[in-house]
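Worksheet: the structure to be examined is printed underneath.
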Amino acid sequence: MAAPRSTPAKKAWRSLTWLAVIIVGLIGLNAAGAIWQGSGWTPKLALDLEGGTQIILAPQLESGQQVTGEQLDQAVEIIRSRVDAAGVSEAEINTQGAQNIVVSIPGTPDEETLARIESSAKLEFRPVLQVAAAVDPTQTPAPETGEGDEPGEDAEPSPSVSPSAGVGQGGAAAATAATPAPSASPSPSAGADPAQPEEGEPAPTPSNASDLAWITPELLDEFTNFDCAELDEAGTNVAPAAEPLITCDNTRTVKYILGPVEVAGERIVDATHGLAANSQGVSTGQWAVNIVFDGEGSDEFGEVTTRLFSLTGVQNQFAIVLDGTVISAPRTNTVITNGKPQITGDFTQETAKTLADQLKFGALPIGFEVQSSENISATLGESQLWSGLLAGVIGLALVVVYSLFQYRTLGLVTVASLGVAGVIVYLVINLMSWREGYRLSLAGVAGLIVAIGIIADSFIVYFERIKDELRDGRMLGSAVEAGWKRAIRTVLASDAVNFLAAAVLFVLAIGNVRGFALTLGITTLIDLLVVSLFTHPVMQLLAKTKFFGEGHPASGLNPRALGAVYRGRATFREPVGVSASKRAASGREAQKRQTIAERKAAADAAASVSKGKDS
């Protein structure tokens, strides 16, 4: 009948089992990405190793407007935040000359990333003054839709705005989706016909942004002949904020006359995406973008909804204008004073996230358009990557040689631990490349190389503590446990300093330095995982073997080869076969390790011996 395992052995097998579960889990996640998402088994490379796409953004300016250096710097920071929203992508964002911005992205960016970069996300809230169907003015007009008619069943509902879920307002929706009744006639909807001044009379001054006095004969004529097919060329995204705007919705099927801007996008402090809920808190299954205004924006938005709530027809609507295009024109069914509206509509999860990211990371101070987009080659290339990997292999080989020379067979534990750490690091980096958009740069490779020394240092500290305990006269099993208690405190302190340095670099730095900091921080955490769940458990199991437990000369833990073995009371056992120099070193070691009581006892003994000789 086999003897029951000791407590250290049980703990060791439990730790190794947990480590195996972690590794198998990481392999499973990577396999799932490779099979169903096409992520592959190798990490994506950064711009300096793979090349990528270079996009040049040119500012869109009003007549006579100039770009300032402050505006360019602000735009660079906002674009960098958008690009980094999905993780460390090692992108490079710089200015070119006094106007353009150059964005260099590794590989081929997806549509969502391009949308984050190319869109200025200039968000405005304007009151609706007039609505009509976007028809070609040369064609026969379609029949008018009555004032009280609703759109046909086949009409697409436009996005709507309501208070965010969980906020007061008595649970009532602030606005419902309301696609305005299209009309081929240029006359205003809902029977609201702007009073035109008689010839020779001065034009009335509008009293607020919803006043129909904004619609002059010239503006009405322009509206009648406005073609939504030419919206991109109309420059609506750079229209003056203090003047009315003629524009269309994002489907190009409805055109609007809008009043001046009443709430600007700069008043938004946060924007998130999620599933919308009804007044009972039940999910509608519809994706939405939740907006939070600052204090001033909340006041402005409250004043707008207060005025619009009292109006009728299309004047009850306000338009949410993104880059000069109406993305929603909901009716105002209640006053929103909490500054937390919600945009709903024909969103997918991806498009809702893209819009939320654009708004969350700020509207650019000026609009930009893509001047050019082209592929660029790697700045360092494959040869530099292999040079970096070769440096890592050389460093690893030196660590292995030193471990085998210094610790003999025990050095194989170091080699095995480094191998396990390498597997976990590779799986984590590849998983981050798939899930978080991380790309490995040459700086990141440097962080991995530096980590070899950090991980090996933990093993060395542990082994030296075990040797110290063996010198104190402990058996190997006891020395492993006592040495671990002393070593783990040193390892924790060392790794904490390394991780803190990596965290500071990651937060404060940009570009490639963040890649270095990330790999350094990851490997520091993995070092703690490996030394706790692999190195220490393996030593607990090896301590039970005859080869290590009895101190074979090739084990690296031979008590005789370590010098004298301390036995208490300031005395050491002198092992057979130990040279005189080692015995002398043991004597000096004994004197260093004496306690005050032991020194006093030794002095009394020496005095007694001397007194006996004198007598």
Show me the donor-acceptor pairs, under 3.5 Å and distance only, between side chains in residues 425-434 and residues at least two apart or in other chains.
from: Tyr426; atom 1: OH; to: Trp41; atom 2: O; distance (Å): 2.6
from: Asn430; atom 1: OD1; to: Thr42; atom 2: N; distance (Å): 3.3
from: Asn430; atom 1: ND2; to: Asn30; atom 2: OD1; distance (Å): 2.6
from: Asn430; atom 1: ND2; to: Gly40; atom 2: O; distance (Å): 3.3
from: Ser433; atom 1: OG; to: Lys44; atom 2: N; distance (Å): 2.8
from: Ser433; atom 1: OG; to: Tyr438; atom 2: O; distance (Å): 3.2

Quick one: side chains of residues 521-528, donor-acceptor pairs under 3.5 Å with protein atoms, not counting sequence neighbours, listed by atom name and distance.
from: Thr523; atom 1: OG1; to: Thr519; atom 2: O; distance (Å): 2.8
from: Thr523; atom 1: OG1; to: Leu520; atom 2: O; distance (Å): 3.0
from: Thr524; atom 1: OG1; to: Leu520; atom 2: O; distance (Å): 2.7
from: Asp527; atom 1: OD1; to: Ser458; atom 2: OG; distance (Å): 3.2
from: Asp527; atom 1: OD2; to: Ser458; atom 2: OG; distance (Å): 2.7

Could you pull out every donor-acceptor pair under 3.5 Å between side chains of residues 397-404 and any protein atom, sequence neighbours left out?
from: Ser403; atom 1: OG; to: Val399; atom 2: O; distance (Å): 2.9

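With hydrogens and angles ignored, the 3.5 Å screen pairs a side-chain donor or acceptor of Thr545 with a backbone N or O of Leu542.
Looking at every heavy atom in both residues, Ser15 comes nearest to Pro537 through CB-CG, 3.5 Å. The two residues Ala543 and Gly477 come nearest to each other via the heavy atoms CB-CA, 3.9 Å. Of all heavy-atom pairs spanning Val420 and Val530, the tightest one is CG1-CG2, 4.3 Å. Minimum interatomic distance between Leu476 and Phe548 (heavy atoms only, all atoms of both residues): CD2-O, 3.2 Å. The two residues Ala479 and Leu470 come nearest to each other via the heavy atoms CB-CD2, 3.8 Å. Across every non-hydrogen atom of Leu418 and Ala456, the tightest pair is CD2-N, 4.4 Å.
To the nearest 0.5 angstrom, Leu448 atom CG is 12.0 Å from Leu396 atom CG. Atom CG of residue Leu505 and atom CZ of residue Arg514 lie 11.0 Å apart, to the nearest 0.5 angstrom.
Val102 places a side-chain heavy atom less than 4.5 Å from the side chain of Gln54. A 4.5 Å side-chain heavy-atom check between Ile466 and Leu410 finds every atom pair outside the cut-off. A heavy-atom distance below 4.5 Å is not found between the side chains of Met539 and Phe459. Side-chain contact between Glu464 and Tyr407 is present, with at least one heavy-atom pair separated by less than 4.5 Å.
Tyr462 pairs by the ring pair (Phe, Tyr, Trp, His ring centres under 6.0 Å) definition with Trp484, His536, not counting sequence neighbours. Looking at residues two or more places apart in sequence or on another chain, you find no side chain to side chain donor-acceptor pair (under 3.5 Å) involving Arg465. For Glu469, the salt bridge (Lys or Arg N to Asp or Glu O under 4.0 Å) criterion is met by Arg474, Arg486, not counting sequence neighbours.
Remark: Glu350 does not engage Lys353 in a salt bridge, criterion side-chain N to carboxylate O under 4.0 Å.
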